[in-house]
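Here is the structure we will look at, set down as structure tokens.
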Amino acid sequence: LAKTPLFQGVPPQALEVAREAFVTRNYPAGKQIFEAGDMGAALYIVQSGQVRIYRTYLDGRERMFAYLGPGEVFGEMSLLDDQPRSASAETTVDSILLVLYQDAYWSLVRKWPEILHNLATILARRLREADLELEVLSFEEARGRVAYALTKLRKQRYGDGVKMKLTHQELAQLSGTSRETVTRVLHALREEELVRVGSGYVEILDPAGLEEVLFGLR
Ligand code: CMP
């Protein structure tokens with residue numbers, strides 16, 4: 001708990017109380033934690049493992065919002081505004097999650113308002129990212145959008161210098177374009193030595209170069 005941004009700068013005594021307030025839950029890989037539209041008013045912290053935040057649309061397409069790792073928080077939106085879940089959450093690997101229910105949340109926040117400030121900071125950061133994403137998805141061409149999806153996967157899910165397990169179809173969904181377009185864009189990015197492409201994987205060779213593509217600078 002001490003490592004999560006939610007408890008940054010909070011006195012040790014608050015951490016003691018918080019430890020009691022959270023419920024620990026084990027989830028196997030690929031388990032849905034909740035679905036977009038569900039009612040629910042608990043906030044989660046990833047203790048170990050990884051959680052994928054996404055939405056599925058009626059036509060079967062999926063949009064990926066984020067991959068969250070240890071220390072990261074999700075589910076805070078419904079906790080705060082009592083509206084249905086804005087997205088679905090699922091584990092990608094065996095994971096341990098800490099769950100905080102609304103009553104427990106409020107009694108912590110009343111005693112230590114820093115926690116509320118930290119949560120606001122987390123939301124501000126997420127809004128910045130969402131603004132950037134909106135900009136890239138609405139103004140950039142397919143090339144920039146594919147570069148954006150690859151960069152996001154590298155930063156959030158796989159890390160640097162890793163073969164990212166990924167089909168052209170998946171990448172098409174993530175970047176809001178067609179499979180044919182992804183194939184064409186990947187071919188060009190490979191020619192420019194920004195990525196390496198194999199069967200079922202993409203490896204980023206030049207992360208900085210790819211970020212330039214994302215912003216339409218290259
Ligand atoms: P909530 O709406 O309660 O349930 C779904 C959760 O997904 C939401 O709270 C946020 O914690 C998280 N979430 C929604 N949109 C994004 C996003 N764009 N980036 C990261 N996390 C998100």
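Just so it is clear, the values below take in all heavy atoms, side chains as well, and ignore hydrogens, waters and symmetry mates. As the structure lists them, so they are numbered: ligands from 1, and atoms in each ligand from 1.
The aromatic rings of Phe7 and Phe22 stand perpendicular to each other, their planes meeting at an angle above 60°, with 30° marking the opposite boundary.
Remark: minimum distance from atom 18 (N) of ligand 1 to any protein heavy atom is reached at Phe65 CD2, 3.7 Å. The single protein non-hydrogen atom nearest to atom 16 (C) of ligand 1 is Arg126 CD, 3.9 Å, given as residue, atom name and distance. Nearest protein heavy-atom contact of atom 13 (N) of ligand 1 is Ile53 CG2, 3.8 Å. Summary of contacts: the protein heavy atom closest to atom 3 (O) of ligand 1 is Arg85 NH1, 2.7 Å.
Ala87 counts as a contact of ligand 1, since one of its heavy atoms falls under 4.0 Å from the ligand.
Remark: Lys165 is not positioned above the aromatic ring of Tyr201, lacking an NZ or CZ atom under 6.0 angstrom from the ring centre and at most 45 degrees off the axis. No cation-pi contact links Arg154 to Tyr158, judged by a cut-off of 6.0 Å to the six-membered ring centre and 45° from its axis.
With hydrogens and angles ignored, the 3.5 Å screen pairs no side-chain donor or acceptor of Arg85 with any backbone N or O of Phe34. A donor-acceptor pair is defined here as one N or O able to donate and one able to accept, closer than 3.5 Å; such a pair exists between the side chain of Thr91 and the backbone of Pro28.
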Exercise. Does the side chain to side chain contact (heavy atoms under 4.5 Å, CB included) test come out yes or no for Leu205 and Leu194, once each step is laid out?
Worked result: CA-CA 5 Å; Leu205 299 175; Leu194 295 168; over 6 Å; no
For this session: Tell me, with the steps shown, if Lys152 and Glu129 meet salt bridge (Lys or Arg N to Asp or Glu O under 4.0 Å).
Result: CA-CA 10 Å; Lys152 188 161 162 174; Glu129 262 171 44; over 6 Å; no
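Of all the heavy atoms of Glu133, none lies under 4.0 Å from any atom of ligand 1, so neither backbone nor side chain is involved. Contacts with ligand 1 closer than 4.0 Å are made by side-chain heavy atoms of Ala66 only, the backbone lying farther away.
Of all atoms in ligand 1, numbered sequentially from 1 with element shown, those under 4.0 Å from a heavy atom of Glu76 are 9 (O), 10 (C), 11 (O). Close contacts between ligand 1 and Phe74 involve ligand atoms 11 (O) [criterion: under 4.0 Å to a heavy atom]. Listed by number with element, the atoms of ligand 1 under 4.0 Å from a non-hydrogen atom of Phe34 are 4 (O), 5 (C).
Between Gly75 and ligand 1, a contact under 3.5 Å exists for at least one N or O pair.
The heavy atom nearest to atom 14 (C) of ligand 1, out of those in Ala41, Ala42, Gly37, Ser86, is found in Ser86.
Atom CZ of Arg196 has 12 or fewer neighbouring heavy atoms from other residues, nucleotides or ligands inside a 6.0 Å radius.
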